[in-house]
Amino acid sequence: MDINDIKTICVVGAGNMGHQISTLCAIHGFKTICTDISDEQLKKAEAFVDKYLPGRVEKEKLTAEQAKQARANISFTNSLEAACKNADYVIEAAVEVLDIKRKVFSDMDKFAPPHAILATNSSFIVSSRIADATKRPDKVINLHFFNPALVMKLVEVVQGPHVSDETRQISMDLCDRIGKVPVHLKKEVNGFLLNRIFAAISKEAQWILEMGVAGVEDIDKACVFGAGHPMGPFTLNDLTGIDLTYTIGMEAFRASGNRADLPTPSVVAHYVKGEYGQKTGKGWYDYSDKKK
Ligand SMILES: NC(=O)c1ccc[n+]([C@@H]2O[C@H](COP(=O)([O-])OP(=O)(O)OC[C@H]3O[C@@H](n4cnc5c(N)ncnc54)[C@H](O)[C@@H]3O)[C@@H](O)[C@H]2O)c1
């Protein structure tokens, strides 16, 4: 099998990442079926597509014909079975909870054709912790997109010991086909590549805040104007979700037993108050006036 055999892509999860990955695949000519357990999320995802595609035409990034074709390529369903039935490649972007991912992969394995590759967009969970929930571990791989997935070019393709070279190659080629820049991680490591680097920066930013050395805005400014980052660590964290930072920290602690991996007290404080960032209207910054 090679990339030319990939015609239909199923995206599981229509949240922050899933709806963007689905849109991306549809724009690049793949028949794309987006599925979620939440009808509300599916409606939101569909509404996004209906607004996003005409917007791209207005900005002259797509022709009217390309937008029309992309819209025709994408469909939405709350049935995982129907979504996976004819898929050649499945990208899971459901919540970052190991037990949920294992159950979803076991179901994907039941419903998808035997040749289909099953990828996870997990930020943290390596695919060897999921692959044994399926009967095709050689076809279970990490395909890690970055937020916002429609914009960010990088995708990390993580090849655990169980992953075949064919699965890795098709996954890298798929990234090329959807306009991304894949990097190959030759072994599994928690947090993968770029997030390990950025987690260190983000955690240090939080400790600087905890120590009262500087405020959120000044720390962000330092990273933007001193290090040339496109946005500061707190702005970025409000975009990616403080809930995800919390979950990743707890997962890392469970795996390592190292207290340094725990989320910082300020992350925990936001998490327990349900202040996850932009998606809840408040995080490190307040978005209630929608100016930020
Ligand atoms: N947010 C980011 O910046 C980011 C970046 C890279 C990777 N990721 C990863 O992508 C995945 C999704 O993250 P997100 O930010 O889009 O989360 P999200 O909370 O916005 O969306 C998750 C979606 O999964 C759905 N879901 C839950 N259980 C499901 C199931 N059993 N079957 C189908 N759908 C189910 C939810 O209804 C929700 O719509 C996570 O694994 C996360 O680690 C996130």
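Each ligand, and each atom within it, is numbered from 1 in the order the structure gives. Note that this is a predicted model, so its numbers are computed, not measured.
- Near Val12, meaning under 4.0 Å from one of its heavy atoms, ligand 1 places the atoms 33 (C).
- The contact set between ligand 1 and Asn121, taken as ligand atoms under 4.0 Å from a residue heavy atom, comprises 7 (C), 8 (N), 9 (C), 10 (O).
- In this structure a side-chain-to-backbone donor-acceptor pair under 3.5 Å is present from Asn73 to Ala26.
- Closest approach of Thr32 to Val11, counting heavy atoms only: CG2-CG2, 4.3 Å.
- Proximity to Val104 (heavy-atom distance under 4.0 Å) selects the following atoms of ligand 1: 30 (C), 31 (N).
- Asp36 OD2, 3.5 Å is the protein heavy atom nearest to atom 38 (C) of ligand 1.
- Residue Ile37 holds the heavy atom nearest to atom 30 (C) of ligand 1 of all those in Asn78, Ile37, Asn16.
- Under 4.0 angstrom from ligand 1, the non-hydrogen atoms of Gln41 all belong to its side chain.
- Between His19 and Phe76, the distance separating the two ring centers is not shorter than 6.0 angstrom.
- Interface atoms of ligand 1 facing Ser38, defined by a heavy-atom separation under 4.0 Å, are 37 (O).
- Heavy atoms of Lys101 approach ligand 1 to within less than 4.0 angstrom.
- Taking a cut-off of under 4.0 Å to the non-hydrogen atoms of Asn147, the atoms of ligand 1 that pass are 1 (N), 2 (C), 3 (O).
- At least one heavy atom of His144 lies less than 4.0 angstrom from ligand 1.
- Annotation for ligand 1: atoms under 4.0 Å from non-hydrogen atoms of Thr240 are 1 (N), 2 (C), 3 (O).
- Assignment of Ser122 to the shell around ligand 1 is supported, since a heavy atom sits closer than 4.0 Å.
- Looking at Glu92, Met17, Glu156, Glu251 and measuring to atom 44 (C) of ligand 1, the nearest heavy atom belongs to Met17.
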